[in-house]
Number of protein chains: 2
Amino acid sequence: MKSDIEIAQSIELKPITDIVEQVGITFDDIELYGKYKAKLSFDKINAVKDQEPGKLVLVTAINPTPAGEGKSTMSIGLADALNKIGKKTMIALREPSLGPVMGIKGGAAGGGYAQVLPMEDINLHFTGDMHAITTANNALSALIDNHIQQGNELGIDQRRIIWKRVVDLNDRALRQVIIGLGSPVNGIPREDGFDITVASEIMAILCLATDIKDLKERLSNIVVAYRYDRTPVYVRDLEVEGALTLILKDAIKPNLVQTIYGTPALVHGGPFANIAHGCNSVLATSTALRLADYTITEAGFGADLGAEKFLDIKTPNLPKTPDAVVIVATLRALKMHGGVAKTDLSEENVEAVKAGFANLKRHVENVRKFGLPAVVAINEFVADTEAEIATLKELCAEIGVPVELASVWANGADGGVDLAKAVVEAVENGGADYKRLYSDDDSIEEKVSKIVTQIYGGRSVIFGPKAQTQLKQFATFGWDKLPVCMAKTQYSFSDNPALLGAPEEFDITIREFVPKTGAGFIVALTGDVMTMPGLPKKPAALNMDVAEDGTAIGLF
Amino acid sequence: MKSDIEIAQSIELKPITDIVEQVGITFDDIELYGKYKAKLSFDKINAVKDQEPGKLVLVTAINPTPAGEGKSTMSIGLADALNKIGKKTMIALREPSLGPVMGIKGGAAGGGYAQVLPMEDINLHFTGDMHAITTANNALSALIDNHIQQGNELGIDQRRIIWKRVVDLNDRALRQVIIGLGSPVNGIPREDGFDITVASEIMAILCLATDIKDLKERLSNIVVAYRYDRTPVYVRDLEVEGALTLILKDAIKPNLVQTIYGTPALVHGGPFANIAHGCNSVLATSTALRLADYTITEAGFGADLGAEKFLDIKTPNLPKTPDAVVIVATLRALKMHGGVAKTDLSEENVEAVKAGFANLKRHVENVRKFGLPAVVAINEFVADTEAEIATLKELCAEIGVPVELASVWANGADGGVDLAKAVVEAVENGGADYKRLYSDDDSIEEKVSKIVTQIYGGRSVIFGPKAQTQLKQFATFGWDKLPVCMAKTQYSFSDNPALLGAPEEFDITIREFVPKTGAGFIVALTGDVMTMPGLPKKPAALNMDVAEDGTAIGLF
């Protein structure tokens, strides 16, 4: 069986100029990065601003398990299949972070015969967006420390600097550090830490900004620290939002690439799905909507985190609301949710499918709470049995949700045609009538409470002492009208990763809030969130190489 | 008077495809990065490998002073002028680091009417080379710490890890840090520090590598640490040279841009001129030589550091040796070398010119020791008086060195025609007969001694106790056949920055050596070398901005 990179390298790519022609983009509308990648110009983005947006399909998933769901692969395959059945379709996906690529996760450009290409470039530096974000983030850090070193006119309390540095790597040794050591000329010794770049608020901002002006406005609103009197210090107080915007002026332009089947894809931005909203950029999704009849986009983790944030945080920034939501599942993962151990997943187990269906069912119901039609996509595996498949189809029929098997990993566009047809039907007849879960005017407590009770299926929310203090503070700073971004384990509806399926009667404890006033949301922490991964015992890097002719080896 | 960025933005750029046509590069030979930047493919680099190289002109300078010399500006103007008088000329220059751009120094794309364009891009992310180097450097750090965390099979002594992390920013707070704090899962607490990216050995390697294979070989030879038994740990012991090469596979390709006058320029690589060799990439210079009749390149700091390293370290990696060396000076700087304070430089002072000439004279003599003809280029300033100019011309005539005034900053190509003619004459009649100062077989002591006595004009070299111990160790590791890279102040021939002019009877103390076995040289430290700059009270970043249409503001 061919590996992802072998499949990718066996494909003869078309020049990106040829690919984008089919959605009305010409050579003058783009900036090439090599022959197969390009950035879309603001001239073109602005030129199509008044065009009627096409249909929007969100791809999300059940709660992830080690068995895997294949959300990106399914998004790509679905788009290829839609094009195959005659719908002019574009993809709007997230771009990968280099850290996991060098570590254990591998890339994030899909898999098998459902990939965006050139996967090597997309998984490495791509068009430099991550590097620009890293640089802007760390330039801000250097400017904060320099401000203190040069007299601290703003009265920043160096014990209360909340802006951390970042690297786009998995580097556990940088999680907690002391900086400014050695001499007075090296600044003030203080505690600091590094997050991975995708956890930077600047990544979230880049993905929500609608243009350069909005980008600068959001950057200026970042809270970096507190003064000795506990009032917040914003980027605008440091007067460096212009410099940060300058560093990001190209990174904000959406990137154009192609799938194996020549579907034009916008791959742009990729914030964390816990401490951030986990969706690709608003600019990419909005532009795809105006260029294509169908736009396929995805959201991070399971639907409880990704889809909820897509619908409550991202959607209000889009020119239109979604027309349908595809929920990806595998029979293997459903069996895990039904109590089967990872080692036993290859054995047929109809009862476990029934039990695990509870997880999928709650996600379907949740999608409907947002007023949207759901379609279930089963990512097919060879070990799936007919009895299991039949059971799942019956269960779906009982709750009236369309379900289709898809084998896009193995069969590309052909493997997604049934799903594509079901999605078109849902879009055209589904009567989407989007309703946001909460309104901006709800208090932060109300917002959290609605998410926990209506989406997670929990009983109630407990706000810890620190969180309660913050709720009062945030109201005085005027931050209480912002949406809430939940930081919760992706493995369970609850805050306990071991509770698979559809747990009930649980409470969620909010330990602390983190203001992301630049991005425009308040993060609610339900537990420790890892914002800097580590490398495994045998990092993927050990197998990477490059041939003398420049061909990449060992990416996956 | 227009600022550099105003001049740059007033120029209508030609597509880079049009620019490179004049040196035989076609659309298929390049990877575009937007319309005005490109990377040259290895296919093209290899295709021209057997072509007869053209003439090579090195641009260097007297010891720098706060008055400035304008070496990059002169290099660009000279190339434009050579093209104007009918010589097919290319430029091979270093690329700027973002740190100083955000700090105080501003960009490094020339100035006035002698600039490489688009200066905004070149000064910001350009084609991502710096970011790739930062990433490769820090991936190596993460892999080292991870190796220790996962059991430390190689027996790395964590007190003796010499590989530091980098950021491409001026960030004094990161000079000295403690990492790995907080918990056993965060690794082992240890001292570390961040250099600026251009100080990374990987930058030096990228600039000396002749192809992908050589790049990987050099990366594998980096010493990152010592074991408890004091034996060196190389990158090849960690088995990650493949991954590092993969991260650098595009960064190693030379970048093509244009000057204001449409001269094709390769702007690629930019290592420090103290702890590294301070020259643009071998690949860029070599390729320019094969494509053009004349190649203009430069070396960092004054000729004592930059030209010596160009001639002893870089030249052996080039397909040909230089045909002439241009030494840039200003009357203002000569007057400073002659004892005038910075505040008094606008007053005529013929005696100071005479006294300061000693600095220029020694550099001319040094160039001749390498068997090369020198040409003096006076970067013209409005305050220069006729008497001062006449005096300098007389002094140059006395030692038989051609001298020309050039006003390329104000007048572009026209301002460099006289200089260009003098350079052509020196190249065609100068009878260059390159001799390296030392041979690889000389001991490290001999190499240092030859540089100090023959180039710096010093009396002798004192090796401190640590340096002496290292000399013995390095011989047992087989490192004593490598060239020496001096880390000395750029302001004086001596190791005392206050000794301007042409000091004599001084000794140089070598405190310590640093092995750069990947780059392939041993750094000799004569004092503290700053490898991480800080930001000033009012960083340039405070004036930076970007217009709503994406136009950069406040770069210089």
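Labels below follow one simple rule: chain letters A, B, ... track the order of the sequence lines, proteins then strands, and each chain is numbered from 1. Atoms considered below: every heavy atom in the structure, side chains included; atoms not considered: hydrogens, waters and symmetry mates.
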What part of [X] lies closer than 4.5 angstrom to a heavy atom of chain B: side chain, backbone, both or neither?
X	answer
A:P536	backbone
A:L124	side chain
A:E191	neither
A:F42	neither
A:K216	side chain
A:R165	side chain
A:A251	neither
A:N138	both
A:L98	side chain

For this session: With B:R172 as reference, evaluate A:N146, A:N186, A:D145 under the side-chain hydrogen bond (donor to acceptor under 3.5 Å, both in side chains) test and give the passing residue.
Result: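 Of all the options given, the one that passes is A:N146.
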
Exercise. For atom CD of B:Q158, is the number of surrounding heavy atoms from other residues, nucleotides or ligands below 6.0 Å larger than 12?
Worked result: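 Result for CD/B:Q158: enclosed.
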
Exercise. Are the aromatic ring centres of A:F194 and B:F194 under 6.0 angstrom apart?
Worked result: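 They qualify: ring centres under 6.0 Å apart.
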
Exercise. Any sub-3.5 Å donor-acceptor pair from B:E548's side-chain atoms to A:D211's backbone N or O?
Worked result: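 Judged by distance alone, no pair lies under 3.5 Å.
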
Exercise. Would you say the side-chain atoms of B:K35 pair up with the backbone N or O of A:I30, donor to acceptor, closer than 3.5 Å?
Worked result: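 Side chain of B:K35 to backbone of A:I30: a pair is present.
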
For this session: Evaluate the side-chain proximity of B:K249 to A:D121: yes if any heavy-atom separation is below 4.5 Å, no if none is.
Result: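 Answer yes - side chains close enough.
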
Problem set entry | Among A:L246, A:I212, A:L248, A:V177, residue most engaged with chain B (heavy-atom pairs, under 4.5 Å) |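 Going by pairs under 4.5 Å, I would pick A:L246.
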
Exercise. Who wins among B:A541, B:G187, B:G554 for the most heavy-atom pairs under 4.5 Å with chain A?
Worked result: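 When all of B:A541, B:G187, B:G554 are compared, B:A541 has the most.
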
For this session: State, to 0.1 Å, how close A:V185 and B:R175 come at their nearest heavy-atom pair, and which atoms those are.
Result: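 Shortest heavy-atom contact: O-NH1, 3.1 Å.
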
